[in-house]
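What follows is a single structure, written as C-alpha cells, with notes after it.
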Amino acid sequence: MRTRRRFIAATGQATLGVWVVTSNAHGALAETLSVLEADTRLLQTLARVARLIYPHDGLSDSVYVRIVGDLLGDPQNTATLSIGAANLGEFLELDEAQQIAALQRIENGPFFNAVKTPLMGALYNSPELWTMIDYAGPSFPFGGYINRGFDDIDWLPTS
Amino acid sequence: MKTYALTDDSVVVVIGSGAGGGTVANELAQQGVDVVCLEAGGRMSFADIENDPPAMDERMGWLDKRIGPGVWLCKTVGGTTVRWSGITPRFLAHEFKARTSYGLNATSTIDWPLTLEELEPYYDRAEDKMGVSGTGDIPLYPETNNYKVLHAGATRVGYKQITTKHVAINPVARDGRPGCQQLGFCHSGCKIGAKWSTLYTEIPKAEATGHFEIRPNSMVLKIDHDKTGKVTGVVYRDRDGVLHEQKARAVCVAGNVVETTRLLLSSKSGLFPEGLANGSGHVGRNHMRHVMGFVYAVMPGPVNAHRASRQNGMVLDELDHREERGFAGGYIMETAAGAPDALMGTMSTWGRSATAFTDRYDHVAGLFVTGEDPAEASNRITLHPTEKDEAGLPVPVLEYADHPNSVAMRKHAMSAGAAIYESLGATHLYMSTELTGECHNMGVARMSENPRDGVTNKWGQAHDVPNLFISDGSVFSSSAAANPTLTITALAIRQAEHIAERMRRREL
Ligand SMILES: Cc1cc2nc3c(=O)[nH]c(=O)nc-3n(C[C@H](O)[C@H](O)[C@H](O)COP(=O)(O)OP(=O)(O)OC[C@H]3O[C@@H](n4cnc5c(N)ncnc54)[C@H](O)[C@@H]3O)c2cc1C
Ligand code: SF4
C-alpha cells in the first residue's frame, strides 16, 4: 500500500492510467480502477485543501499534489485523511468561497491540522517555494550575508 | 582526556551541559574541582552543524514524549545554547523584588533571596565569558536590516532605548571564536561558533583543565542518597541502554526546568516521599515561561530579515514597571526573523492572510516580545502516574494557564509592536502568540529565603539536601522580563565559586 501511494505521489495523476495498464495485466482490473479513482479523488481533494490553506498562485498544482501524496503515503495518516476528506463531501464541486467556508468550520479539528502542520513543514522547505520567493536556503557555502546585503536596506526614512 | 571511575566519590556530578550545567562544570574545573558531566545528548562537531533546520531538529531536538503545552529544548552537548539566539539583557533591581514591586498578592510571587547588587559582579563575568556586545571593550553588534527597521519605527513612535547591545554573538573575532558572518541559521546551531554556546566554549575549556570528563549519551534517571539524606551518586543510562551508577560528592542538576523537575520527582524515596528536595511541595510548581509573542509586518520595501542572525537588537523602553499600563512588570521587543518555515510555524492563520507574508517574504520585518510572567503554583509540571517513555521514565505532564496580568501585558505589547511597523507604512500585520514551543523556562525549584516557599537557597543549594544544587533557570524566584540565559550563566558562575569555597572549607 505504502509503495503504491508513494508512487502515485511521486508521479502525480497524469501517469495513473499507464500504471494501471502495466501493473494489472492479469485480472482485478476493475477493482483496482475503482480504488484508484477513489485515490485520485482523495488526492485531488487533499491537494485542493492544501492550496486553500497556503494559496500561492505562483506554485503549480503538482507541488501540492506531491506533498499531500507523501502525507497519504504514511500509513499513520491514512485514516484521518481519508475520513476527513470524505466528510468534506462534494468539496471539489463547491466554489472557492464555499470551500473556504467549509474549511473554516473544521479548522480546529484533527483532519485540518493533520494536513496543515505537515504541509507547513513540507511546503516552506520545498525548493519550488524557495525559488518563487527568492529564498536562497543554506548560506554557509556562500560565506553568509556579511558581504551580501545583511545591512543594505535603503528605503527607510531618516526621521 | 581525563576520566573518572564510577566509584570515585570525590567528583561533583553535573547533570546537563547547557548554559547552567556547562558553565557550572567549567567554573568548578577551573578551580581544580573534579567534575563528571553527564549529558543525555550526543556530541556534535562543527561538521555536524548544517544550515538545514529540519535535519538539525532531528539531530539535536529533545523529542521524548511530553504531555501538555510544548517546550522547545535540545538534547545535545551544549543543550539549548546550541539553538538559542543569544539575546542577553540583565535583570533589573526591582525585578529581583517581584513581590514587593508588584504586589500580585493573588499569585505565588515572591522576592528573590538575592539582590541585583549581589549578582552584578557575576553579570560582569558572564558577559565577558559569553562575549556580550556592548559590554567591556566588545563593540555593539552590527545593525542588520531587520534592526534598522525596528530602530526607525521605534524612533518614530517615540522610543529612545533602542540598541544592539546585549547580544552574545561575536561582532568581531574574540576568545578564539570568529566574528558573526550573518549566516542566519542561529537556531540550527552556529556553524562557525560566533554565537556563544557551551558546546565550543565551556566544555572544551573545562576539558583543558584536566579536571573534567563529559559523558555524552548519558541520561540520568535518578539521584541516590544515603540514610542521612545526603546525595551519594546518580544512576544513568548509556547509549546502549546499560545502567551505571556514578558516585558523587555533590550533584548539580541543570536539565532545564522540565527535566530538572522530572529528575527530582523521579528520585523520591522513603525519606523524600514527595520527591527529592521537595519538602516544601514546590518542586515542579511556579513554572514561568515569559509573556511571549511575535509581530510580523510586510513593509513597503525589501528587508530580507533572514539574511542576518535571528535576533540582534531590541527596544528597552517598555521594560520598566509602570502601573498606569494596567499590568505589573515590563517587556522587551527584540528583532526576530527566520526561514520561511519558521515564520509560518509561528502563524496559526491560513489562507491569503498567511501567504500575504510568505509571498512577500523579502519584505517581512519582525519582532519578538518577552515579558514578566507571574509565578503561579498551579502552573506546574508533574509525572504521569502510569505512562513511561522509552528510557522507562514517567512522562512529564505540563499544566499552564496565563495569568490575567500576562494577558493584559501581551495585548499591550502586541499593539506597541504593531505601532512600530505601522509608523513606517506596513501593509500587513500579524500578531502571533503561538510559539513552536516555549523557549524560556523558569521556576520549579525556586530560590527562597524561607524554606517553606521554595526549593533552594540563594546559592541554588536545596533547602532539604545540603550537597544537592540546582544550576539552571529552575531556581528563578521570578521570571523578570529579559531572556533568562545571561542570568542562568551568572548564577552558575556564582554557584561554582560557592561550591569550591565550601569544599575548601571541608563543608561539602
Ligand atoms: C529557539 C530558542 C531561542 C532562544 N533564544 C534565547 C535568547 O536569545 N536569549 C536567552 O537568554 N535565552 C534564549 N533561549 C533559551 C535558552 O536556550 C535557555 O535559557 C538555556 O539554554 C537554558 O540553559 P539550561 O542549562 O537550563 O538548559 P539547556 O541549555 O536546555 O541544557 C540542558 C541540558 O541538560 C540535558 N539533560 C536534561 N535532562 C537530563 C538528564 N536527565 N540526564 C542528562 N542530561 C540531561 C539536556 O540534554 C540538555 O543538553 C532560547 C531558546 C530557544 C529554544
Ligand atoms: S548569524 Fe552569526 S551567530 Fe547566527 S549562525 Fe550565523 S554566524 Fe552564527
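Residue numbers start from 1 in every chain, and the chains themselves are labelled A, B, ... in the order their sequence lines are given, proteins ahead of strands. Worth knowing before you read on, the calculation uses all heavy atoms, side chains too, and leaves out hydrogens, waters and symmetry mates. Owing to the predicted nature of the structure, the values given are computational and were not obtained by experimental measurement.
The backbone N or O of A/Tyr124 lies less than 3.5 Å from a partner atom in the side chain of A/Trp130, making a donor-acceptor pair. Counting only distance, with no hydrogens or angles, the side chain of B/Asp175 and the backbone of B/Arg177 share no donor-acceptor pair below 3.5 Å.
The parts of B/Ala339 that come within reach of chain A are both its backbone and its side chain, each placing non-hydrogen atoms under 4.5 angstrom from that chain. In this structure, chain B has no heavy atom under 4.5 Å from any part of A/Leu123. Contact annotation for A/Ile53: both backbone and side-chain heavy atoms come within less than 4.5 Å of a heavy atom of chain B. Of the atoms belonging to A/Arg148, it is backbone heavy atoms, and not side-chain ones, that fall under 4.5 Å from chain B. With a threshold of 4.5 angstrom between heavy atoms, B/Ile192 approaches chain A through side-chain atoms but not through N, CA, C or O. Both the backbone and the side chain of B/Thr144 have a heavy atom closer than 4.5 Å to some heavy atom of chain A. For chain A, the nearby parts of B/Thr358 are the backbone and the side chain; heavy atoms of each come within less than 4.5 Å. For B/Asp359, the parts lying near chain A are the backbone and the side chain together; criterion is any non-hydrogen pair under 4.5 Å. In this structure, the portions of B/Pro302 lying under 4.5 Å from any heavy atom of chain A include both its backbone and its side chain. With a threshold of 4.5 angstrom between heavy atoms, A/Asp154 does not approach chain B through any atom at all.
The shortest side-chain heavy-atom distance between B/Asp362 and A/Asp134 does not fall under the 4.5 Å cut-off. For the pair B/Val167/B/Ile87, a side-chain contact is recorded, criterion being any heavy-atom separation below 4.5 Å from C-beta on.
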The test is ring-ring contact (aromatic ring centres under 6.0 Å, His included); show your working for B/Tyr361 and A/Tyr135 and say whether it passes.
CA-CA 8 Å; B/Tyr361 180 69; A/Tyr135 173 70; 5.5 Å; yes

